Every structure is written in C-alpha cells, then in structure tokens.
Amino acid sequence: MPAIISVGLLLLAWELYAIYSGIRPTILPAPSRVFEQAMLNREALADNALPTIGATLLGFACSLSAAFVLSMLVDFYQPLRRALFPVFIVSQTLPLVAIAPLVVLWFGFGLAPKIMLVALVTFFPMLVALVEGYESTEVEIGQMLRAMGAGRWRIFLLARLPSALPYFFAGLRISITYAVVGAIFAEYAGAAKGLGIYMLNAKNNFRPDLVLAAVGVSAALTLILFGLTVLVQRLAMPWERAGKKTEGKGPRR
Amino acid sequence: MSRLELRHVRKAFGGLDVLADISLSVGAGEFVSILGPSGAGKSTLFQLLTGAEHGEGEMLFDGARLDDHGRHFAFMPQRDALMPWRRILDNTTLGLEVQGMRRQAARACVAPLFAEFGLAGFERHFPAQLSGGMRQRAALLRTVVQQRDMLLLDEPFGALDALTRTAMQRWLEQMWRHHRWTALLITHDVREAVFLSDRIYVLSARPASIVREIKVPFSRPRCLGGEHARQASALEAEILDIILNPQSIQRTRP
Ligand SMILES: Nc1ncnc2c1ncn2[C@@H]1O[C@H](COP(=O)(O)OP(=O)(O)O)[C@@H](O)[C@H]1O
Ligand SMILES: [Mg+2]
C-alpha cells in the first residue's frame, strides 16, 4: 500500500512538471500521454512482450537447471568449488553492453542468444544461493542423521536441500529481475521482435512516449514475476508463516 | 552385565587435547550421567560414540568393538535439531524412515506415543509453533522410537528456563521408570544428574578425564521432599565441591 502511494505521488509530480514547464512531449511526455499511447499501441506492445517473456523464462529455466546440477556437484565434491567459482565470478564481471552484441553476432537474431544472456546473468547468483543454502544446514541435524545411519545422499535430500530453500528463494527474487533486464539487453543488441528492439526503434523514431510505454510493460512484467516467486515461496514453505504467526503476537503486530 | 564400555579413550583436535583419558561403563537398563563443565569435551565423547569422529582407546558394546556405529545408539543432539520444515509427526518418524520404514508405517508406529509425551494434538504443527519444553519432548520421542539399544542424550534440557527444566526432569524420571531405557546423559546441571541418574561420572575441565564415579543411592521413584531432599542436597553439595575445587582431590575413583 505505501508503495502504491509513493509511485502515485511520483507520477503526479511528473505529470504536473510535464504540463506546467512547457517541455515538449517529444522530450519528456507526461505519464497520461504515455498511458494513452500505450493503449493505442497495445497490440504492438503485447506482440513484442511475448518474445521477451519467452526468452526470460527459457533462459531462467536453463540457468536454474544448470545451477542446481552444479550446486549438487560442488556440495558433494568441495574441490570443484575452488576450481569453478573464479570462472563464474569472472563471468559476472563481463559488461553486458559489450557481451550482448557479440553473443548476437555469434548466434544470430533468434531466441538462442537471448536465452544464453539471461542464463549468463542469473546462473551465478542462483548457484551461490544454493551452495550457501546447503551449507546453512544445522550441524546437529547432520550429526543426528549420520548417527541414524543415513548416507551422504540421504542427508542431502533430507536436510541440506530443504535447508537451502530460503536461500534459493532469496536468490530467485533477485535473479528474476536480472533475467528481464538481461533479455531486454539481448534484444536491444539485435532481434526480430521483443521489448528491447521495440524500445530501440521507438527511440530512433523520436517517440519517447513509446519507449516509456515499453519500460512500463517490462516493469509490470518484472513485478508479476517477482510476485509469482513470493507466491511460490509461500506455497513451498508453509512452516515459515506458521512460525511467524505464533511469534507475531508480540510488539511486531 | 555392562553394555557399553570405554577404556582409556582419548581424543585431540589438532594440537588441542580434549579427552585425556576416559574409562566408563553403562549397564543394561542403567541411567548414567556424565557431569562436567562447559567445553570439557562431553559432546566430543558422543561424537566418538556415534562415529562422527575417531579417537584412540577401546570402545566396546556388549563386549564387541564399536565399528558399525549406527546400530546401537539413538542420539539426541545438544540442540533439539528438529527440522523446521517437517511437521512434528514427521520429525518424530525421521529415524524410522532412515531405517527404511515406509512413512505411513512409521507414522502409525509413532502416533500412539504422542499422548505419553504430552504432544497429543500437535502432530500437524511445525516445530516453530511449539514451546521449548514441547520441542525437547518431541526430540526425545524421535530418539526413543528408533528402538536402539541405548539412548545418548546431550544436555537435553540445557536450553530451557529453570521451571520448564525442572518439570521436564520429573517427567523424564517418570518415563524412565516405565521404559527402563539404557541411557547415557550429558549434563552440566548437578541437580539434574543427581535427580535422574543411577550413577554419575564427574569430568574434569578440558582435557577431560574422569575425576570421580558416584553411585546415587536413592530409591525410585525419586521423592521430592523430606529426608530424601536433604540427602540429595548433601550429595549435590559434595559433587559441586569436587567440580569447583579439583586440586583438593587427587584420587580418581573412591
Ligand atoms: N570438530 C572440532 N574441531 C576442533 N575442535 C573441536 C571440535 N569439536 C569440539 N572441539 C573443541 O573441543 C572442546 C570441547 O567441546 P565439546 O565436546 O563440545 O564440549 P562440551 O560439550 O563439554 O561443552 C571445545 O574446546 C571445542 O572447541
Ligand atoms: Mg556440549
């Protein structure tokens, strides 16, 4: 609720500034105009949003699977961590601006380079989240399971994997926002369709209102994906809320 | 007669001597406590027994060397180690599941014990929704249903407030009279050791060795008032003296 008020106030200030400063709409269009144009061009926007959503989700699915498999390998075989992590850290420092055009150059204007870029920006945060999550397992739980006669694989499934869930979802919330940005960047560098290329074309046609409309769509997309992760987390971790309900009787509420 | 027997067990972590020389025995159906200051190496002893660490010396169970560690002990770690993501019922079946029992069968095994452990009605709760005392009872239930030869309890009530702890000690004493588990309890609470045990081994500070073995002569059920309470207090005072003035005692065993 406070978020809605603050965004509303910001939009209001922007609207007033655009009306009373006499700035030309080809430089700074008022929010009302952006909205109006967005409605007029909604088909084109939807048409271009779909490939972006596709690239985001597919890329994210790829990086998630890869991060999951690798996190397990690293957890079972610690030396791998020292061997691989430097490589991944370097992969995170590559500037997207420079990499995106290259990837498009190598893999063409289709879906593949977008998926790759999305995967590139989201893989490492997910891997780190998972590996740290496994390590957060309570030592006593591990000792107890071993005393019960559980092997490593059993301990991983019964204790380490569930212990990693909060970390996993924290990583997911951050990565999902990177994923949208990554997809748009990839399209910006060259695509047949997509929000990124739509923004580029709108800019080249001196239509900042349409650029902003596309920005609005991508923001909405990010918010929806973010909301979905929160929802999935609630469903996947019912014990978190159950615990809070009993604690929350205090001054918190 | 004695089920568990340790002879001159020693353990060092790197250069740090933790257990200097531990010899002890626990008989069938006997409740034995290991009493010592914090950091003495009490939990380390359980790590050796459960096979998490390896030390020197001999560890025998029913006369045979301990090597397949999983078999004999049901271990309750120092913190309750309940899994926050499992409901209480599923936490208590954990040991049976690890042994290969189907989840449904394990639940059927454990469910009838909930009333006796004061947990009836909380089967579907998550650990975070339970009080400290209930969590400890759940952890104990998870431990005893494994049907192992012997219980290893590491400071089960150490994290509880004084009132709850006393209530839990009385409850455990009563439970033990019904079930006669063979049990080894770690504690740093003198009163707890005297109230619950048949015998007490008093440990020195690190590197730990056994300073004294004490038989607790009181009959069960352990009475709470009158002459008994006076004798118990006298014994507690004597033990405190041993722990707090170690230099005055040179003998190892009385
Ligand atoms: N895995 C380990 N590696 C190194 N030192 C350890 C390890 N486990 C315990 N210790 C040390 O052994 C000593 C005794 O620990 P512990 O057995 O937990 O004491 P207690 O249970 O009696 O309080 C402590 O000083 C602790 O730092
Ligand atoms: Mg300890």
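In what follows, chains carry the letters A, B, and so on, assigned in the order in which the sequence lines appear, proteins first and then strands, with residues in each chain numbered from 1. Everything numeric here is computed off the predicted structure, so don't read it as measured data. We use all heavy atoms of the structure for the numbers below, so side chains are in, but hydrogens, waters and symmetry mates are not.
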Students often mix this up, so state it plainly: with edges at 30° and 60°, are the rings of [X] and [Y] parallel, tilted or perpendicular?
| X | Y | result |
| --- | --- | --- |
| A:Phe76 | A:Trp153 | tilted |
| B:His179 | B:Trp181 | parallel |
| B:Phe73 | B:Phe61 | perpendicular |

> Is A:Arg160 positioned over the aromatic face of A:Phe156, cation under 6.0 angstrom from the ring centre and no more than 45 degrees off axis?
Replying inline: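 Verdict for A:Phe156: no cation-pi partner in A:Arg160.
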>> Taking the cut-offs as 6.0 angstrom to the six-membered ring centre and 45 degrees off its axis, would you call B:Lys11 and B:Phe13 a cation-pi pair?
In response: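 Verdict for B:Phe13: a cation-pi partner in B:Lys11.
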> What parts of residues 82-92 of chain B touch chain A if we use heavy atoms and a cut-off under 4.5 Å?
Replying inline: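 Against chain A, the residues of residues 82-92 of chain B that fall inside the cut-off (heavy atoms, under 4.5 Å) are B:Leu82, B:Met83, B:Pro84, B:Trp85, B:Arg86.
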> How about B:Arg102: does its CZ atom have over 12 heavy atoms from other parts shown lying under 6.0 Å from it?
Replying inline: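 No, not enclosed.
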>> For the interface with chain B, which of A:Ala159, A:Ala150, A:Pro162, A:Gly142 has the highest count of heavy-atom pairs at distances below 4.5 Å?
In response: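 Heavy-atom pair counts peak at A:Pro162.
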>> Is A:Leu165 close to chain B through its backbone or its side chain, or both, or neither, when contacts mean heavy atoms under 4.5 Å?
In response: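 Interface part for A:Leu165: neither.
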> Among B:Trp176, B:Phe157, B:Phe117, which one satisfies ring pair (Phe, Tyr, Trp, His ring centres under 6.0 Å) with B:Trp171?
Replying inline: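 Answer after filtering B:Trp176, B:Phe157, B:Phe117: B:Phe117.
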